[in-house]
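Read through the structure below, which is laid out as structure tokens, and then see the notes.
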Amino acid sequence: MKFSLRTLLTQGLAGHSGWPEQWRSPEPKAAYDVIIVGGGGHGLATAYYLAAEHRVRNVAVLEKGWLGGGNTGRNTTIIRSNYLWDESAAIYEHALKLWEGLSRELNYNVMYSARGVMMLAHTVHDAQVFKRHVHANRLNGIDNEWLTPEEAKDFCPPLNIGTDVRYPIVGAALQRRGGTARHDAVAWGYARGASALGVDIIQNCEVIGIDRDAAGAVTGVETTRGRIGAGKVGVVAAGHTSVLMGMAGVRMPLESYPLQALVSEPVKPVFPCVVMSNTIHAYISQSDKGELVIGAGTDAYTSYSQAGGLHIAEHTLDAICEMFPMFRRMRMLRSWGGIVDVTPDRSPIIGLTPVPGLFVNCGWGTGGFKATPGSGHVFAATIAQGRPHPIAAPFTLERFRTGRLIDEAAAAAVAH
Ligand code: FAD
Ligand code: PYC
């Protein structure tokens, strides 16, 4: 049998004549109990928990490209739960606890590595904000601690704590249980688990319409592979949620922006943890392959381009070289972008919609990878039971009408 990784990445499993039958995307059935639109980590996790915990197995995941080819396969994999508000702490900590047992749950190594996430403070204002987070997190039973510059350097020796720089480091907040995971393994692990429980995973199948009956309830979707019926539809299509929800006549409070990242040539292990600096717009870790994984801020303008502005990457590399002078001579190998959908309060939207049978999970913005297991877990319960899971309940679409916002702009920790 002949196949190439390039074919897998560009065409997905469907349509590759060299794959064994059981690896190809199945033909869609005429109707499913639930259709999930979007085969990223969140959509696949939702399908997995629908099947594994709610015994809802007549489920299809429809993906317009290939599994994990959206933001799931494009992000810098930072995992942490150090958000400010109780509602956020609950959902991100729920996710973090699931990460801790995920490789065992899926019998698939997602390479979760709790190497610690350190968020740098460069100004008095940063220090006050992060200390507030440390206290709020600890009240919620979430680990987070304040470090002096010297303690920060002990934890991450390449860090420059000199004072002769634009933004000297005045301290840092450290979540030791935070870390990284392997992004595509998460998609594949959930896909394999869901598929084994009977879920159909159909790639190269773009949803181009949402069908409703005379009473307005969802009856199925139109796709590039024909019409498929469904009792319930869950939209989990980061970056494109507004487009999909628009097909059902629902206007979303979302803006889509490119967010970019880049990796260096691989080197031996030199970087022990994850470091983030929102003030000077850079975050960095080292992958198991040895590449430095570096992320930037969002572009200043909305767009569906899967590449960020070059000047944004230059600015990020300036910041990296200032914080870690030993990396000044590193060469960068490749860069890419993803499209993130951002809500006004930088918190997600999870739950029911004004359209009966239509559910939505979106607005994770620059920070949804860490939430993948928790998001899928509570969204599956919400779809199965037709009412919000208690952890998802505060994250309704309704909050933009009532004004009960959950402002996490500071904890998002990425320049917007
Ligand atoms: P996706 O993986 O994007 O999945 C959505 C899927 O929907 C896509 O595969 C897409 O092809 C599909 N789709 C869209 N429209 C249709 C349609 N009409 N029909 C069928 N399918 C459709 N988060 C963190 O927590 N930590 C980080 O360090 C981090 N770094 C990031 C760095 C970058 C550069 C980027 C871009 C994002 C980063 N994020 C990070 C955010 C994180 O990647 C996302 O929030 C998360 O991956 C979203 O997952 P998802 O499954 O919802 O989306
Ligand atoms: O949410 O931690 C995060 C993050 C880091 C980089 C992009 N998002």
Side-chain angles (χ1 to χ4, degrees), residues 12 35-46 61-83 92 95-96 99 117 119 175 178-181 183-184 186-187 190 202-210 221-225 235-247 257-262 274-278 281-285 293-298 304 306-308 312-313 335-342 346 348 350 361-372 375-376 379 408 411-416:
I35 283 178
I36 301 296
V37 184
H42 289 230
L44 292 162
T46 305
V61 178
L62 308 183
E63 166 54 49
K64 75 173 177 181
W66 65 96
L67 296 186
N71 291 335
T72 298
R74 294 166 182 271
N75 76 90
T76 48
T77 83
I78 298 174
I79 296 172
R80 56 191 173 86
S81 61
N82 54 355
Y83 284 68
Y92 290 105
L96 186 47
W99 278 114
V117 173
M119 297 171 84
Q175 184 174 28
T180 56
H183 42 23
D184 39 18
V186 178
Y190 274 121
I202 302 163
Q203 299 174 95
N204 296 318
C205 183
E206 180 172 358
V207 171
I208 51 177
I210 294 179
V221 295
E222 304 292 333
T223 80
T224 45
R225 295 174 70 176
V235 172
V236 204
H240 296 89
T241 315
S242 301
V243 178
L244 277 149
M245 296 299 286
M247 295 172 192
Y257 290 93
L259 177 67
Q260 65 180 307
L262 60 165
V274 180
V275 174
M276 305 185 68
S277 165
N278 194 22
H281 304 166
Y283 36 99
I284 180 168
S285 65
V293 181
I294 297 171
T298 56
Y304 288 110
Q306 282 187 317
I312 306 263
S335 71
W336 63 89
I339 307 157
V340 298
D341 47 8
V342 177
R346 306 303 192 254
I350 315 167
N361 185 347
C362 64
W364 292 95
T366 59
F369 178 72
K370 67 177 74 62
T372 305
S375 160
F379 195 44
E408 289 291 357
V414 173
H416 293 91

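It should be emphasised that the depicted structure is a prediction, and the values quoted were computed from it without experimental measurement. Ligands are counted one by one from 1 in listed order, and the atoms in each one are counted from 1 as well. Values below: all heavy atoms of this structure, side chains included; hydrogens, waters and symmetry mates excluded.
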Quick check: does any side chain N or O of Thr223 sit under 3.5 Å from a backbone N or O of Arg225, one acting as donor and the other as acceptor?
yes
Does ligand 1 have a heavy atom under 4.0 Å from the side chain of Thr366, from its backbone, from both, or from neither?
backbone
Non-hydrogen atom of Gly367 closer than 4.0 Å to ligand 1:
yes
How close does the nearest protein non-hydrogen atom get to atom 2 (O) of ligand 1, and which residue and atom is it?
Thr72 OG1, 2.6 Å
Quick check: closest heavy atoms across Ser285 and Val274, and the distance to 0.1 Å?
CB-CG2, 4.0 Å
Does any N or O atom in Val340 lie less than 3.5 angstrom from one in ligand 1, N or O only?
no
Within ligand 1, which atoms have a heavy atom of Gly338 less than 4.0 Å away?
36 (C)
Does an N or O anywhere in Thr366 fall below 3.5 Å from an N or O of ligand 2?
yes
Scanning both residues in full, the closest heavy-atom pair of Thr72 with His183 reads O-CB, 2.9 Å
Distance under 4.0 Å to a non-hydrogen atom of Ala238: what atoms of ligand 1 satisfy this?
3 (O), 5 (C), 52 (O), 53 (O)
In terms of residue, atom name and distance, what is the protein heavy atom nearest to atom 26 (N) of ligand 1?
Ile78 O, 2.9 Å
If you count the atoms of ligand 1 from 1 in the order shown, which ones are under 4.0 Å from a heavy atom of Gly365?
41 (C), 45 (O)
Hey, can you tell me if Phe369 and Trp99 have their rings parallel, tilted or perpendicular (30° and 60° cut-offs)?
tilted
Under-4.0 Å heavy-atom contact with ligand 1, by part of Thr77 that carries it:
backbone
As an exercise, identify every atom of ligand 1 less than 4.0 angstrom from a heavy atom of Gly41.
51 (O)
Does the N or O separation between His240 and ligand 1 drop below 3.5 Å for any pair?
no
Listed pairs under 3.5 Å, donor-acceptor, residues 335-342 side chains, sequence neighbours left out:
from: Trp336; atom 1: NE1; to: Arg74; atom 2: O; distance (Å): 2.6
from: Asp341; atom 1: OD1; to: Gly363; atom 2: N; distance (Å): 3.3
from: Asp341; atom 1: OD2; to: Gly239; atom 2: N; distance (Å): 3.1
from: Asp341; atom 1: OD2; to: Thr241; atom 2: OG1; distance (Å): 2.6

Protein contact to atom 14 (C) of ligand 1 [nearest heavy atom, distance to 0.1 Å]:
Ala237 CB, 3.6 Å
Side-chain heavy atoms of Met247 within contact of Glu222, under 4.5 Å:
no
What atoms in ligand 1 come closer than 4.0 Å to a heavy atom of Val37?
19 (N), 20 (C)
Counting only heavy atoms, which portion of Ala187 has something under 4.0 Å from ligand 1: side chain, backbone, both, or neither?
neither
Do ligand 1 and Glu206 have nitrogen or oxygen atoms that lie under 3.5 Å from each other?
no
Taking 4.0 angstrom as the limit and counting only heavy atoms of Thr76, give me the atoms of ligand 2 inside it, by number and element.
6 (C)
For Gly368, does its backbone N or O pair with a side-chain atom of His42 as donor and acceptor, under 3.5 Å?
yes
Around atom 23 (N) of ligand 1, find the nearest protein heavy atom and jot down its residue, atom name and distance.
Phe369 N, 3.1 Å
So how far is it from Ile210 CD1 to Ile35 CD1, rounded to the nearest 0.5 Å?
10.0 Å
Option of least heavy-atom distance to atom 17 (C) of ligand 1 (set: Val293, Val207, Val235)
Val207
By number and element, which atoms of ligand 1 are closer than 4.0 Å to a non-hydrogen atom of Arg74?
33 (C), 34 (C)
Number the atoms of ligand 2 from 1 as they appear, then name those within less than 4.0 Å of a heavy atom of Gly367, with their elements.
1 (O)
What protein heavy atom sits nearest atom 4 (O) of ligand 1, and how far away is it?
Gly40 CA, 3.4 Å
By number and element, which atoms of ligand 1 are closer than 4.0 Å to a non-hydrogen atom of Cys205?
20 (C)
Within a strict 4.5 Å, meaning less than it, do heavy atoms of the Leu96 and Tyr92 side chains meet?
no
Numbering as shown, the atoms of ligand 1 that approach Thr76 to under 4.0 Å (heavy-atom distance)
27 (C), 28 (O), 29 (C), 30 (N), 31 (C), 32 (C)
Regarding ligand 1, does Trp364 bring an N or O atom to under 3.5 Å of one of the ligand's N or O atoms?
no
Atom 7 (O) of ligand 1 has as its nearest protein heavy atom Gly38 CA, 3.3 Å
Measuring from atom CG of Leu259 to atom OG1 of Thr76, what distance do you get when rounded to the nearest 0.5 angstrom?
7.5 Å
Leu67 side chain reached by Gln203 side chain, heavy atoms, under 4.5 Å:
yes
When you compare ligand 1 with Ala261, is there at least one nitrogen or oxygen pair between them that comes in under 3.5 angstrom?
no
Given Asn75, Val117, Leu62, which one has a non-hydrogen atom that is nearest to atom 38 (C) of ligand 1?
Asn75
Does the side-chain contact (heavy atoms from CB on, under 4.5 Å) test come out yes or no for Tyr304 and Val243, once each step is laid out?
CA-CA 11 Å; Tyr304 288 110; Val243 178; 3.6 Å; yes
Side chains of Asn361 and Thr46 only: does a donor on one sit below 3.5 Å from an acceptor on the other?
no
Show the nearest heavy-atom pair for residues Ala45 and Gly376, with the distance to one decimal.
CB-CA, 3.9 Å
Could you grab the distance from atom CD1 of Ile312 to atom OG1 of Thr298, nearest 0.5 Å is fine?
7.0 Å
Which residue owns the protein heavy atom closest to atom 3 (O) of ligand 1, what's the atom, and how far is it?
Asn71 N, 2.8 Å
Nearest neighbour of atom 6 (C) of ligand 1 from the list His42, Glu63, Lys370, on a heavy-atom basis:
Glu63
With Tyr83, which of Arg346, Glu408, Lys370 fulfils side-chain hydrogen bond (donor to acceptor under 3.5 Å, both in side chains)?
Lys370
Return yes if some donor-acceptor pair links the side-chain N/O of Tyr283 with the main-chain N/O of Ala296 below 3.5 Å, else return no.
yes
Lys64 versus ligand 1: do any nitrogen or oxygen atoms come within less than 3.5 Å of each other?
yes
